[in-house]
Visitor: 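Questions regarding the structure given below will be posed in turn.
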Amino acid sequence: MSAGTVVLVGTAVFAVGCATGGTGLRDGGPARTDAVAKTTPNAPSPDASPDASSATASGRPLKKVDPVALLKADPKVSAEIKRDLKPCTGKDYPVDVSYGKVTGNSVVDIVVNVLSCADALGRGSYVYRADGATYENVFSDEQPPVYAEIDRGDLVVTKQVYGKSDALAYPSGEDVITYRWNGEKFTEQDRVHSEYSNVVDSGSQPAPAVTQKN
């Protein structure tokens with residue numbers, strides 16, 4: 001067993017994100033796109049299920065993977081994230097999990113977003129790619145606020161931008177970065193920056209004032 005491979009044992013505890021509907025706060029920025037770690041979750045291999053082909057075709061996971069155990073076993077997840085990864089209430093961890101195809105693999109990938117309990121701000125985003133019985137961490141961004149999701153086969157990372165005097169509910173702008181898998185790693189394909197108006201109408205979220213494409 002290599003130093004970068006961790007075997008998980010014990011009963012899986014599935015996380016439930018604090019954000020409503022699993023969408024959370026969407027944010028982006030520079031990200032580590034190298035393959036950084038492999039972990040073995042407490043889940044069967046694709047061949048273990050008679051419904052493997054149908055599940056793979058639909059993008060559904062063959063079996064849910066415990067994202068908390070996956071993060072804690074990953075040596076490249078920061079010590080701070082691991083230390084603060086605790087249930088918000090009861091057994092509900094502040095973790096959003098998405099299953100879908102984003103690396104062109106025959107098995108669905110796992111996108112994990114770690115949020116804060118107090119305000120649901122994205123603290124870290126990770127993409128895990130199945131490699132036999134292990135999962136390889138192929139994308140990490142721990143520059144908050146950050147939120148990653150799958151959009152039509154691409155990885156979209158969104159970050160809200162705050163000025164020094166901005167209130168948490170009213171950022172100055174937002175960066176949306178699109179990454180695409182090139183067979184080995186994610187590469188940036190597009191970046192959109194939106195600047196929000198500082199005029200707030202009846203406490204509603206400010207509308208974008210300027211949008212720039214780079």
Visitor: Taking the side chain as C-beta and beyond, is there a heavy-atom pair between Asp74 and Tyr135 under 4.5 Å?
Guide: no

Visitor: Please tell me whether Ser125 and Asp141 have a donor and an acceptor in their side chains that are separated by less than 3.5 angstrom.
Guide: no

Visitor: Considering all heavy atoms of both residues, which atom of Cys117 and which atom of Pro94 are nearest to each other, and what is their separation?
Guide: SG-CG, 3.8 Å

Visitor: If you measure only the distance, is there a donor-acceptor pair under 3.5 Å linking the side chains of Ser172 and Asp166?
Guide: yes

Visitor: Centres of the Tyr179 and Phe139 rings: under 6.0 Å?
Guide: yes

Visitor: If the condition is salt bridge (Lys or Arg N to Asp or Glu O under 4.0 Å), which residues does Asp84 pass it with, not counting sequence neighbours?
Guide: Arg123

Visitor: So Val95 and Pro67, do their side chains get closer than 4.5 Å, heavy atoms only?
Guide: yes

Visitor: Calculate, to the nearest 0.5 Å, the distance between atoms NZ and OG1 belonging to Lys101 and Thr103 respectively.
Guide: 9.5 Å

Visitor: State, without any angle test, whether Asp96 and Tyr147 hold a side-chain donor-acceptor pair at a distance under 3.5 Å.
Guide: yes

Visitor: Find the distance between NZ (Lys76) and CG (Leu71) and round it off to the nearest 0.5 Å.
Guide: 15.5 Å

Visitor: Considering all heavy atoms of both residues, which atom of Lys72 and which atom of Lys82 are nearest to each other, and what is their separation?
Guide: O-NZ, 3.3 Å

Visitor: Check whether any side-chain heavy atom of Phe186 lies under 4.5 Å from a side-chain heavy atom of Val127, and answer yes or no.
Guide: yes

Visitor: Will you find, in the side chains of Thr178 and Asp154, an N or O donor that is under 3.5 Å from an N or O acceptor?
Guide: no

Visitor: With a 3.5 Å distance limit and no angle check, can you tell me whether Asn105 reaches the backbone of Ala130 through a side-chain donor-acceptor pair?
Guide: yes

Visitor: Can any side-chain N or O of Tyr128 pair as donor or acceptor with the backbone N or O of Val111 at less than 3.5 Å?
Guide: no

Visitor: Glu142 and Tyr126: side-chain donor and acceptor closer than 3.5 Å?
Guide: yes

Visitor: Report yes or no: does Tyr93 contribute a side-chain atom to a donor-acceptor pair with the main-chain N or O of Val114 at less than 3.5 Å?
Guide: no

Visitor: If the condition is salt bridge (Lys or Arg N to Asp or Glu O under 4.0 Å), which residues does Asp151 pass it with, not counting sequence neighbours?
Guide: none

